[in-house]
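Reviewing the structure listed below.
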Amino acid sequence: MKRIISIVLTLTLVLGLSGIVSAQNPGTDVSAGKGWSSYSIHGNNAEDKGEWENELKKAHQVWNIKADKAAVQAAKGKLDAFYTYGECAKFKSSAADKFVLDVTSTGWSANYNPMTGAVVQSNPWGVTTTKVVPVERGRYYTVSFKVKSTLKNEITKCDDTTVIKGLKNWEGKDCHYTEGTGKYNYTKHFHIKAYDNTDPDGAALAVQGMTATYAGKNVMAKTKDFNNLIGMDSRNTDYVNVTMKVLVPSDKADYQKKASSPTMGIKMAFGPFLKEYKDENNMSGEVEVKDFKVLAGTKAAAAGKAKVKSVKAAKKKLTVKYKASGAKKYQVQVALKKNFKKGLKKKTTTKTKWTFKGLKKKKKYYIRVRGAKSYGGTLIWGKWSKVKKKKTK
């Protein structure tokens, strides 16, 4: 009996210790077993429960994949090519490390100048795929995958022989319908971002060292409004190889402050970039992604432990000088209690000296400082300094 108990206790200890070890050791694929979600405007199949589509309908934008002359004539003048949208896509197949997205149309969505009809901002989010993975604060992650597409479209032109007064196409011209030119476009750019999936605005994380190559050739692009654009040519038979490195901020205050187990979203946007690439609208075909991984990397080096060099007191003031090796930014705190919960005042600054004003007269304050290294704007905080005490005058 004692031997059985001993074996059970030993197994419990081993299992318990193995549970303590981080699941995100360098090289761990944190995306393994995590599924994908897809979004397209048409069909009310998105997180917004169709609100986006319904708003477009209010603006007289209606679903019509074939806004050609025959369709316009059949609708007896009630259908206008400018007031259609075609964002319609869904997964043909999907697994943790791959997917095939069947795209009926990448669409025409954008923000327009109401006076001229010109495109002022692209809206590629009408067709997206998303994956959410568990992460650790302060750790690097490398995202890698292969992608190719069969997307193509016929380039159209505005036919202004029949005009609806007051309506203009995306070029700012009066236009009732568009018609084909017989020329085809085979290139489609898409955008990828790592972001805070709990943030309503999808706050992006800084991407470092991104590459996208086809047969050794760089196929990345950058525009005024978008970074991380990747070009796919459907005439190519092989895959574009994509890699990017992401660093998650180290502090709860900087990233998902309410989450004990933070996560990160990876989103690919396949909608049209009408402002940047006007011929890439209403494209159809398939997008294939395979060998998708998000590998945990090392923890980013933090700034050295901060040191409070001096604290000078004045009437209702404290001036603190401090330093931490490698730090580009500092956080300074003063409080009436050593646990820094009562009377807390704090300041985040790039300066190595800060004066706190408006403190209580002749009161003892506790002071501490920490420094942060900055990696492309992502902060990695070091340890707090030893707590100092000083009484105001």
Side-chain angles (χ1 to χ4, degrees), residues 36 38-40 86-89 91-92 97-111 119-131 142-156 170 181 183-195 204-246 266-294:
W36 294 87
S38 67
Y39 167 85
S40 66
E87 284 84 341
C88 188
F91 285 132
K92 188 174 182 178
D97 65 339
K98 59 187 177 182
F99 65 77
V100 175
L101 187 68
D102 187 12
V103 182
T104 303
S105 172
T106 56
W108 294 269
S109 281
N111 292 329
V119 179
V120 293
Q121 185 178 19
S122 293
N123 179 23
W125 309 107
V127 177
T128 62
T129 59
T130 304
K131 180 189 278 281
T142 299
V143 180
S144 63
F145 59 94
K146 296 180 179 180
V147 59
K148 69 176 181 179
S149 86
T150 62
L151 294 173
K152 67 177 183 178
N153 64 309
E154 184 179 12
I155 298 172
T156 58
W170 59 274
T181 63
K183 297 179 181 179
Y184 285 82
N185 169 55
Y186 299 92
T187 301
K188 177 71 182 79
H189 286 81
F190 74 98
H191 174 60
I192 181 170
K193 73 171 183 176
Y195 69 106
L205 295 172
V207 171
Q208 304 174 22
M210 184 170 179
T211 64
T213 59
Y214 179 81
K217 182 181 178 181
N218 177 38
V219 292
M220 285 192 63
K222 180 179 179 180
T223 69
K224 181 180 178 181
D225 295 324
F226 290 95
N227 295 322
N228 311 334
L229 285 169
I230 302 165
M232 301 179 294
D233 190 327
S234 63
R235 293 167 295 187
N236 294 332
T237 56
D238 207 351
Y239 295 84
V240 174
N241 293 284
V242 182
T243 63
M244 67 182 191
K245 186 178 284 188
V246 182
I266 306 292
K267 188 182 293 290
M268 302 181 196
F270 297 103
F273 290 89
L274 292 185
K275 182 180 177 182
E276 293 82 3
Y277 308 105
K278 66 178 184 178
D279 289 335
E280 295 185 16
N281 63 84
N282 189 27
M283 299 184 74
S284 61
E286 292 180 351
V287 176
E288 180 187 356
V289 166
K290 72 173 187 176
D291 299 341
F292 186 91
K293 294 182 177 67
V294 181

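Counting begins at 1 with the first residue of the sequence. Everything quoted here is computed from the prediction, not taken from an experiment.
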Point-to-point distance, once rounded to the nearest 0.5 Å, from OG1 of Thr211 to CE of Met244
11.0 Å
Using 30° and 60° as the class limits, which term best fits the ring planes of Phe226 and Trp125: parallel, tilted or perpendicular?
tilted
Side-chain ion pair, Glu286 and Lys92, N-O less than 4.0 Å
yes
Could you please spell out the steps behind the side chain to side chain donor-acceptor pair (under 3.5 Å) verdict for His189 and Glu280?
CA-CA 8 Å; His189 286 81; Glu280 295 185 16; 2.9 Å; yes
Donor-acceptor contact below 3.5 Å, side chain Ser122 vs main chain Pro124:
no
Strictly distance-based, threshold 3.5 Å: is any side-chain N or O of Thr106 a donor or acceptor partner for the main-chain N or O of Met283?
yes
Looking only at the side chains, is there a donor atom on one of Asn185 and Asn153 sitting less than 3.5 Å from an acceptor on the other?
yes
Looking only at atom types and distance, does a side-chain atom of Lys188 sit under 3.5 Å from a main-chain N or O of Ser234, one as donor and one as acceptor?
no
Knowing that exactly one of Tyr214, Phe190, Phe292 qualifies, which makes a side-chain contact (heavy atoms from CB on, under 4.5 Å) with Val147?
Phe190
By ring-ring contact (aromatic ring centres under 6.0 Å, His included) - contacts of Phe91 (at least two apart):
Phe99
Kindly state each residue pair satisfying salt bridge (charged side-chain N to carboxylate O under 4.0 Å, His left out) with at least one member in residues 207-229, sequence neighbours excluded.
Asp225-Lys275
Closer than 3.5 angstrom, by distance alone: can the side chain of Asp233 be matched with the main-chain N or O of Arg235 as a donor-acceptor pair?
yes
NZ of Lys267 to OG1 of Thr129: how many Å apart, nearest 0.5 Å?
8.0 Å
